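To start, the structure under review is shown below, and the notes come after it.
Bear in mind the structure is a predicted one, so any value in this text is a computation, not a measurement. So you know, we letter chains A, B, ... as the sequences are listed, proteins then strands, and number each from 1.
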There are 2 protein chains.
Amino acid sequence: MLDKRKIKTRRDIEQALLTLLTKKSFRQITVNDICERSLTSRSTFYDHYDDKYDLLNRLVDRYTQEFKVLASEKFNQVVFSDDQRFAISQITNPLLEDREAINVLLNIHEDQMDLFRNWQNILIGLWSHGLDQVNIVEDVPKDYLIKVNTDIVLDYLIWSLDHNRGNQDAVNLVRKMVVQTFKGNGIN
Amino acid sequence: MLDKRKIKTRRDIEQALLTLLTKKSFRQITVNDICERSLTSRSTFYDHYDDKYDLLNRLVDRYTQEFKVLASEKFNQVVFSDDQRFAISQITNPLLEDREAINVLLNIHEDQMDLFRNWQNILIGLWSHGLDQVNIVEDVPKDYLIKVNTDIVLDYLIWSLDHNRGNQDAVNLVRKMVVQTFKGNGIN
DNA sequence: AACATAATGTTCGAAAACGAACAGTTAAAT
DNA sequence: ATTTAACTGTTCGTTTTCGAACATTATGTT
């Protein structure tokens, strides 16, 4: 993967798909559309990808993986530390780098290629494990706590990506809401 | 020029130069810089251009030519018609298409590759011929009238490109000022 | 002035992307 | 039900781009 031609071809094809996805649905988009917009030939497209599903898959996988690494690394700090420096922006800021691509993909829900659902599942896993390490409020079903905390965080991520910035008040609110799910509202 | 590779290569190289010009001076920019940023190899660069001067030259030429055609076609309408539909936006609007490139190039003043000066000379030529077709105010040197009308128009073009929009009040003012250079302030 | 370092411009075999053609499939339109 | 048109995926000979190497010419430092 050192050859500049391969890098450029993939870049152009990916960008073409992302742009087309803002105009029509994935189903409506043809390989011809992608080739036309990316100025690549059909044969070159198939040199790189099996089909348009493969292409979308790789994009979704990339940002799923990036999120998985980021979220896993920062989860404990973000959730269990009061230190401002470890706020959720540790996760959002790097993602803003690829904001345009991510924003498009988060709204694509093709069977087995759903970035939003992947992120959700990752957060569910992290919260599932995270809530084991802390006392949680009694009488509330744990699976509900996992789900609601996941969505509280996810909604902030989406908002942040959508507006291309953070919001400290929202961050504070996230923290306050999450803490409500901990027994005695104390951390540790 | 049907091959997509050529189109893409030139597109990428041109875009690289334009981006680099927002960061450093043309003199400081090396062919290596351009190749690095455009993801093209040095040998490919020299397949397309003699050197970086040739590259800049072609860009300047392109937008000089575009302006020449536009301005020549629309000059009489813009200057001598009261009809709003023939206002100066007839010239500015098409140029806004390539706003980013043009804005960069208008600020590059390399010997013999100066888009700003080219535009100025084109307008001087048009005004020079245009003022022959109308009575001008007495006692004011004609070459001064040519120059001042040129700059009044040019300043609006620059402003419009810089702000990426038109301004009807400014357009009206341009018209009022220009008419002052006509004898009796009447048109025709 | 001597030196190292960087930029220029050229060459050439290897790799990638190209266009065009093809058969097979899908989907509308008649 | 049949035709038409579009899309898919593949093949192959041609063209372009690539990387690496090279000699040459600035550029600038001690």
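In the hydrophobic clustering of ILVMFWY residues, with side-chain heavy atoms under 4.5 Å counting as a link, A:Val137 and A:Val153 come out together.
Judged by distance alone, the side chains of A:Asn118 and A:Thr64 do bring a donor and an acceptor atom under 3.5 Å apart. Judged by distance alone, the side chains of B:His48 and B:Arg10 do bring a donor and an acceptor atom under 3.5 Å apart.
By the 30° and 60° cut-offs, the orientation of the rings of A:Phe182 relative to A:Trp127 is tilted.
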Show me the protein contacts with nucleotides 12-15 of chain D, counting only N or O atoms at under 3.5 Å.
from   : atom 1 : to     : atom 2 : distance (Å)
D:dT15 : O2     : B:Arg5 : NH1    : 2.7
D:dT15 : O2     : B:Arg5 : NH2    : 2.9

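With hydrogens and angles left out, the side chain of A:Arg42 and the base of D:dG9 share a donor-acceptor pair within 3.5 Å.
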Could you go through the side chain to side chain contact (heavy atoms under 4.5 Å, CB included) check for B:Met177 and B:Asn149 one step at a time? CA-CA 8 Å; B:Met177 290 193 290; B:Asn149 278 343; over 6 Å; no
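Protein chain A contacts DNA chain C over a range whose 5' and 3' limits, counting nucleotides with an atom under 4.0 angstrom from a non-hydrogen atom, are C:dA15 to C:dG19.
Within the 4.5 Å cutoff, the side chain of B:Thr40 has no heavy atoms near those of the A:Lys4 side chain. Under the 4.5 Å side-chain criterion, counting only non-hydrogen atoms from C-beta, A:Leu154 is in contact with A:Asp151. Within the 4.5 Å cutoff, no side-chain heavy atoms of B:Leu95 are placed close to those of B:Tyr63. Inter-residue side-chain proximity for A:Ile34 and A:Ile13 is flagged as met; some heavy-atom pair is nearer than 4.5 Å. With a 4.5 Å cut-off on side-chain heavy atoms, B:Asp33 and B:Thr30 count as touching.
Atom-to-atom, CD of B:Glu36 to P of D:dC18 comes out at 14 Å; the value is rounded to the nearest Å. The distance from atom CG of A:Asn32 to atom C1' of D:dT8 is 8 Å, rounded to the nearest whole Å. For the pair B:Ile13 CD1 and D:dT17 P, the interatomic distance rounds to 9 Å; values are reported in whole Å. Counting to the nearest Å, the C1' atom of D:dT10 and the CG atom of A:Asp50 are 13 Å from each other. Regarding A:Ile34, its CD1 atom lies at a distance of 14 Å from the C1' atom of D:dG9, rounded to whole Å. If you take OH of B:Tyr49 and P of D:dT17, they are 10 Å apart, rounded to a whole angstrom. To the nearest angstrom, C1' of D:dA6 lies 13 Å from NZ of A:Lys52. For the pair A:Gln28 CD and D:dA6 C1', the interatomic distance rounds to 15 Å; values are reported in whole Å.
For D:dC18, one of the phosphate oxygens OP1 or OP2 lies less than 4.0 angstrom from a side-chain nitrogen or oxygen of A:Lys8.
Within the model, atoms NZ of B:Lys147 and OG of B:Ser128 stand 13.5 Å from one another, a figure rounded to the nearest 0.5 Å.
No side-chain donor-acceptor contact under 3.5 Å links A:Arg58 to the backbone of A:Glu14.
Backbone-only engagement by A:Thr30 is indicated by non-hydrogen atom pairs under 4.0 Å involving sugar-phosphate atoms exclusively. Counting any heavy atom pair closer than 4.0 Å across all strands shown, A:Asp47 reaches no nucleic acid atom.
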Given protein heavy atoms under 4.0 Å, the one-letter contact record of nucleotides 23-29 of chain D, with B base, S sugar-phosphate only and - none, is simply -------
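Residue whose closest nucleotide on DNA chain C sits further toward the 5' end, between A:Ser41 and B:Val31: B:Val31.
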